[in-house]
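Notes for the one structure printed next.
In what follows, chains are A, B, ... by sequence order, proteins preceding strands, each numbered from 1. Because only heavy atoms are used, hydrogens play no part in the values below, and waters and symmetry mates are left out as well, while side chains stay in.
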Amino acid sequence: MGKQTRAIVQGITGNQGSFHTRLMLDYGTKIAAGVTPGKGGTTSVGVPVFDTVASALERTDANASIIFVPAPFAKEAGMEAIDAGLSPVVIITEMIPARDSMILIEYARTRGAAIIGPNTPGIITVGEAKLGIMPGDVFKPGRVGLASRSGTLTYEIAASLTHEGIGQSTCLGIGGDPFTGLNFVDVLKLFRDDPGTDTVVLIGEIGGSAEEDAAAYIRDTKYPKRVAAYVAGRAAPPGKRMGHAGAIITGTEGTADAKMKSLRDAGVLVAEVPSELPRLLLQQVSPLQ
Amino acid sequence: MGKQTRAIVQGITGNQGSFHTRLMLDYGTKIAAGVTPGKGGTTSVGVPVFDTVASALERTDANASIIFVPAPFAKEAGMEAIDAGLSPVVIITEMIPARDSMILIEYARTRGAAIIGPNTPGIITVGEAKLGIMPGDVFKPGRVGLASRSGTLTYEIAASLTHEGIGQSTCLGIGGDPFTGLNFVDVLKLFRDDPGTDTVVLIGEIGGSAEEDAAAYIRDTKYPKRVAAYVAGRAAPPGKRMGHAGAIITGTEGTADAKMKSLRDAGVLVAEVPSELPRLLLQQVSPLQ
Amino acid sequence: MKLFEYEAKSIAQNLGINTPKGAIASTSEEARDIHKRIGGEAVIKAQVLVAGRGKAGGIKFASKPDETRDRANEILSMTIKGEKVKKVLVEQKASAKKELFASIVLDRANRCQTVLASDQGGIDIEDVARQTPEKVLRHRLDPVFGMRSYDARLIALKLGYEGIQQSTFSDFLSNLYRLSVIYDAELVESNPVIESKDGRFVAADLRVIVDDNSLFRHPEFQERSKEISGEVTALESKARDNGLAFVELDGDIGIIGNGAGLVMATLDLVKQYGGKPANFCDVGGGANAEHVATALQLIQGAEKVRAVFVNILAGITRCDEVAKGIVDVKKVMGLKKPLVIRMVGTNQEEGRRILKSAGLTAMDKMDEAARLAVSKVGA
Amino acid sequence: MKLFEYEAKSIAQNLGINTPKGAIASTSEEARDIHKRIGGEAVIKAQVLVAGRGKAGGIKFASKPDETRDRANEILSMTIKGEKVKKVLVEQKASAKKELFASIVLDRANRCQTVLASDQGGIDIEDVARQTPEKVLRHRLDPVFGMRSYDARLIALKLGYEGIQQSTFSDFLSNLYRLSVIYDAELVESNPVIESKDGRFVAADLRVIVDDNSLFRHPEFQERSKEISGEVTALESKARDNGLAFVELDGDIGIIGNGAGLVMATLDLVKQYGGKPANFCDVGGGANAEHVATALQLIQGAEKVRAVFVNILAGITRCDEVAKGIVDVKKVMGLKKPLVIRMVGTNQEEGRRILKSAGLTAMDKMDEAARLAVSKVGA
C-alpha cells in the first residue's frame, strides 16, 4: 500500500462509494476505475465506471480494490476482485453474513490475496494514499503502525498520537466482524518487515481471541518491535453485541480484562484508557525487547 | 510410485476391494491399512481395517490411497484421502457423476495431490508394486512408460510389448471418464523426468482432446523422449458412448482420425492397429528428436 | 437472532433430526392435553431466550396430565431474568442410555465452523471445558466444503461409537450441520443429545442462533425478529427500531457516541472515573440530526438516567448535524437531564456555533468530558 | 440421458427461465386446442431425442388452429432417424428482436464447466464456431464456485448488453447454470435464445442432457430413463437392460469383448481388414458365464449379423467363465452364426479345455482372429 497502489472502487456509484472516492482522491490515492454493475460507460467523481472488474482491467491498470457494495453482494464482489488478481481487497461493507465472509476469506487465502475487513474503516499509508473512509487529517506521517478492530476509536487514538507529536506509518482497521481477512497476527508480521515502522499500536475490543493470539505471537516470536495496546469494552456485559458483530463476550471468553492480561504478559504496553496510549509511547521510547 | 509406496485401500471390505488387495499384496505392494466405514477393528485379507482414513493414519504409516468405494461415495472418499495428505490417490471406481469428479479434481489440484482416474485400472511400477486391478503377469520390467485411457486394451498392448521383449517401467490408466485427475500431458511430464523411461506409449481413444493436447505439448516442448501411440475408435459412430463415459464423439470433435493426425504431426509414431505398436518400437530404436 | 427451543426443534424435525415427542402450549390446559396425548412422564420447559432457565425453575417434570397443568401454570406465570414466559414446551421425558453434547460454532480464530462434542452432556459444557478440556472434542470444518461424512464419522469414532451407532451419530451430526448451513446459524447446540435405549440420537434440548446479518435471505425470520422482543429490553427494542446500536446497562449515565469502539471506550472511561453507564448507544457513521435527536430523546426519557454524555469524534459524521440534533431536542422537549458534550472533528466550528446559539458548549477531550459527566451524578 | 424439449422446458420454467407459451400434445386435436388457447401464430415441434429434426421436417408453422391440427397430424406420423414421433410441442411463435445462442458444457480439457455463447443464434453453432470462431464466446466457470453473477454479467457485456438488459441476460444465464447444477446436466443448450421486443430473454429451444452417472440422485429420472427408448434401438435397450455396454452399428459382424478400449480396438481391426462391425458390446470386467451367454444370444439373434467375433483378454475376467457362457449357448439354442473366438489370459487352459469339449477352439492373436472373422462373411 502506498504510492504504487492503483485501486478499483467497487460500488463507486453509491452514496458512500462516490463520497469516499472523492475523499480518497483528495488524499492523493490513485483510483484507476470504478465498478457498478449496469453503470458501465458512465463516470463517477470523474472516475470511469465499468460493469465488471474484468472489463475495467481491460482498459485500466489496477492492483487493489476497495468495496462499498451492499452486504448481500459483497461476497461475490470480493471474489471478483480476487479473480482479477487484485490485492489488497479492502471491504468497507458491514453486516455481511458470517458464512459469506468465511467463504470469501478462504477463497482469498487459497488464491494468495489479502483481504482487509469486512466492516473496516480501511487502510491508510499516512501522507501517501488511503483506501478507506478514515478522515485523513487526524493522521501525520511517522513511525507508529496502528491496527484496530474499530473505526472511530482509531481516529480518536490516531488524533491523540498526532496531537502529542507521534506520527504514524500505516494505520488500518482489521474489521469489526467475527471473521476478518487480516487479523492482528497478520498485521504484526507485516509491520515487523516494514522498515518505516518502529512501534505497533493494537486497538482491540471484547470478543474472540484476536488479542490473545497476537499476545501469543509476540511472546513466541520475541517480536522485535515495541507494541502498545488498548482494549475497549471493560464495561461491557457478557452475551451482548456492542455495536460490532464481533464485539461480544460469549460465556467467559473474550473479556477485555483477559485480553489486557495476555498482552501485558507478552510484554505489550497496555493502556487503561485511550488517552494513556501516547503517554506510554512517550515514556517508553526504545523497543522493549 | 514404487517400493516406497505404502497404500491405504478405501473400500477394502467390498468384493472388488478385498479381491484386488490380495492381488496387490501378491505383487509385492505394501498395503498399510484398509478403510471401510463401520468396519473399524476388523481385518480384510490380513490387512487391518479402520473406520476413517484419519484414524487409520493414527495407527499406520501410508502415503498413497486406492479407492474402490461405490460411485455415490467416491468424491468424499477422495477428499478424505487428500485431507490426510495421501498422494497419489488412485480411483478405480467407475460411474462417478462428472460434477463430483470435477470438484474432486479441483480439490486435489488446490491441495497439491495427484489423482489417477477415476475409472482407471490403476498404476503399476513394473516388478515393484501396483495400485490397481491390472493383471501383473502381462508386464515385464523395462524402459517403456505406458499411459492409457482404457483397461483391457492396456493389458493387450502391454502383453504384446512383453511378448516382443519390450519391457515397461510404469504403466497407468488415466481413466475412461470425461474428467480425469492426470491427463496425458501430466503423464508425459512425469515420464520426461523419469530416468527409468526412454519411450512413452500413449493409448488414446475417441472423445475429448487429451490426445490433441498431448500432441501440442510434445510439439511445443520438443519432447525429449520417443513417443508412440494408438488411438481406439476409428470405427465408432459420432454421438454414441462407446462403453467409457468419456468415449464419445461430439459433433465433429474427438474423432480418432483427428487425434491420430495431431499425434503424427507432432512426430509421434502412430500405430494403425494395436499389434503395430511393438513393431514400430522395434524399428525405431532411438528417440525421434 | 436466538430461536426459541420449540422453533429450533420444529426446524430440526424437518431436517430429520429426532426430538422428543411433544408440543407447544400457551395455556396450562393445552399443556395438560399435550401430556394426555403423548403419555409417559412429561417435562415442561419455559420457552425463553435468556440462558439459565433451569436454575431459575423454568423446567419441571410431571407424571400425570393434571400435574403437568399445574406445573405449566406455575411456569407460565414466571418472569425469568426479565423475560416473561409466554409458552411452555411439553415433551415426553426421554429415557437416556447416555447423554452427549454437540454444537457447531463459528470459530473466529480459525475462520471456519468448528464442531464441539463431548460424551459429558447434560451439564454445563463450559465447566467441562474448563475442568476437563480433554473431554471436549474440537473438530474444524472446511470453510468451503463443510462437514463431510468422514468428518462426522471421525467425531463419532472419537466419542467411542462403532458400527451402526457410528453411522447413526454421524448422520445426526450431519443434520445439525445442514441446519447450520440452511439457516445461517452462528450456533447450533444440543445439550443434551440423548442416546436412547433403542440406539436413536435425540436432541433433547436445542439452541439455534441465526446470524442477524443473514436475515435478508431468511424472509421466514424477518417478521419474527421484529415480533419477539424477549431477548431485548423495551428500550433496546425501541432504539433498534430507530436504527441505533443499543444495549441497556444498569447504571445512570446515558451514553451516546459514534462508532462501536469509541462508545465502548466511552463506557470504559466513565467506569474508570467511578461512574456507571446506563447504556451503550452508537448512532453510527454519518448520523444526521434526526438520528442524534432520537437517541437523546430516548435516553434522557429513561427514568434511571441521571446525566447524558454525548461523545462525538466526527469523521464521516458532521459536528453541525450532531449539534442540530441536540438543539432540536432542547427546543422541542427540553433537556431533562444534565448534558455533557464532547465534540470534535468535521465541521467542528459550525457545530459549536450551533450549540452556543442554544446556550450549550462542547469539550475537546473525552477524558475530561467523562470526568465531568461522572461528577454530574455526584459520583 | 437426453431430455425431450418439453421436459427440459418444464424444468426450466420452474427455475424462472422464460419459455414460449405452449403445451405438449399427443394427438392432432390436442394440438389444435392448444393453439386455440395460446393464440397468435404457432410452431409445432416433433418431440424426439435424435438431432436434426428441423431438416427432417419435424418443425412446422401454422397461423390457424385447424392448420396446426393438420401439421401436427403430419408430424405425429413421422419417424425421424428411426425415432417414432409420439408427441409434439405446440408453442406460440415468438417475435424476436434478436436470436442468441447459450450453452453450458462439460469442458474436459479444462476440467470445469464452460459457457459458450454467441449473438449468432438460431443456426448451427458448430458452423459458426468453425467459420467465425470469434463469434463464439467461451467463458470457463470455477469448478467449485460455479457461475458467479460477475461471470454472467461479463458474458452479457461481451455480447453487447448494457444496463438493464445486461442484468436480464445475466439472470437468464444464471438460471441456465442453476439448472445444470440441480439436474447434473452435462449439457444445457438454448438455441435460439430469443430476445423479445419487450426485452425478455426466452429459451425458444432447450436441450438438456443429464449425466447418466448421476441418476442415483435423481429419482425423478430413473423411471423415465428406462421408459423412453427413443434414444436407443430396441437391441441396445435390451442389451443395456442386461448390463451390457452396447451400441448398434450398421455392419454384419457381431462383436463381443471385455473392456471398452479393447472392444473399440476390435471394431477398428475388423474394419481395417475390410469387415463391418454390427455392434459394440462390452461385457465388462469380471463378466461371468451368464453375462457372456446373454451377449452371445442377443447378437447371434440379430438378423443382420452374419458372423460373431468374441475377443477376450482375461484379467479380472476368467477364460473358464467366458467359455462356459459360450458352451451354454451352444447347448441350449445352438450357435446360429459362424463364431470366431480369441481368448487369452486368466485361466486360459481351463477355458480352452471347456471350449474343446464342445468342439470349439480359441485363437491367440486378435489380428488373426479379426482377419478370420472378416473372412467368415466373405468380405
Most heavy-atom pairs under 4.5 angstrom with chain D, which of [options]?
{"options": "B/P135, B/P237, B/S209, B/P72", "result": "B/P72"}
{"options": "B/I103, B/I206, B/V273, B/I157", "result": "B/V273"}
{"options": "B/G204, B/G246, B/P274", "result": "B/G246"}
{"options": "B/S160, B/G136, B/G207, B/A256", "result": "B/G207"}

Where on [X] is there a heavy atom nearer than 4.5 Å to chain D: the side chain, the backbone, both, or neither?
{"X": "B/I96", "result": "backbone"}
{"X": "B/V185", "result": "neither"}
{"X": "B/Y107", "result": "neither"}
{"X": "B/P178", "result": "both"}
{"X": "B/A210", "result": "neither"}
{"X": "B/F179", "result": "side chain"}

Any side-chain heavy atom of [X] sitting closer than 4.5 Å to one from [Y]?
{"X": "B/S150", "Y": "D/L262", "result": "no"}
{"X": "B/M102", "Y": "D/Q113", "result": "yes"}
{"X": "D/R111", "Y": "B/R109", "result": "no"}
{"X": "D/M264", "Y": "B/L153", "result": "no"}
{"X": "B/P97", "Y": "D/F216", "result": "yes"}

Checklist entry - Residues two or more places apart in sequence or in another chain: which of them pass salt bridge (Lys or Arg N to Asp or Glu O under 4.0 Å) with D/D142? => result A/R111

Who wins among [options] for the most heavy-atom pairs under 4.5 Å with chain B?
{"options": "D/N258, D/L244, D/D282", "answer": "D/N258"}
{"options": "D/A265, D/P277, D/S214", "answer": "D/A265"}
{"options": "D/A260, D/A51, D/G259, D/G284", "answer": "D/A260"}

Which atoms of [X] come close to chain B, meaning under 4.5 Å heavy atom to heavy atom: side chain ones, backbone ones, both, or neither?
{"X": "D/D211", "result": "side chain"}
{"X": "D/S180", "result": "both"}
{"X": "D/L106", "result": "both"}
{"X": "D/V181", "result": "both"}

Enter the distance from [X]:[atom1] to [Y]:[atom2] here, rounded to the nearest 0.5 Å.
{"X": "B/S275", "Y": "D/M366", "atom1": "OG", "atom2": "CE", "value": "7.5 Å"}
{"X": "D/I312", "Y": "B/T152", "atom1": "CD1", "atom2": "OG1", "value": "8.5 Å"}
{"X": "D/F246", "Y": "B/M242", "atom1": "CZ", "atom2": "CE", "value": "10.5 Å"}

Checklist entry - With the threshold set at 4.0 Å, does a side-chain nitrogen-carboxylate oxygen contact exist between D/E186 and B/R241? => result yes

Item to check | Pair D/R108 + B/D213: basic N to acidic O under 4.0 Å | outcome: no

Around [X], counting heavy atoms of other residues, nucleotides and ligands shown, do more than 12 lie under 6.0 Å from its [atom1]?
{"X": "D/D250", "atom1": "CG", "result": "no"}
{"X": "D/M363", "atom1": "CE", "result": "yes"}
{"X": "D/R240", "atom1": "CZ", "result": "yes"}
{"X": "D/Q272", "atom1": "CD", "result": "yes"}

Checklist entry - What parts of residues 15-23 of chain B touch chain D if we use heavy atoms and a cut-off under 4.5 Å? => result B/F19, B/H20

How far apart are the closest heavy atoms of [X] and [Y], and which atoms are they?
{"X": "B/H244", "Y": "D/G261", "value": "CE1-N, 4.1 Å"}
{"X": "B/A245", "Y": "D/N213", "value": "CB-ND2, 4.3 Å"}
{"X": "B/G243", "Y": "D/A245", "value": "CA-CB, 4.0 Å"}

Item to check | Sequence neighbours excluded - salt bridge (Lys or Arg N to Asp or Glu O under 4.0 Å) pairs with any residue from residues 341-350 of chain D | outcome: B/E156-D/R342, D/E350-D/R353

Checklist entry - Which pairs, with at least one residue in residues 266-279 of chain D and sequence neighbours excluded, count as a salt bridge (Lys or Arg N to Asp or Glu O under 4.0 Å)? => result none

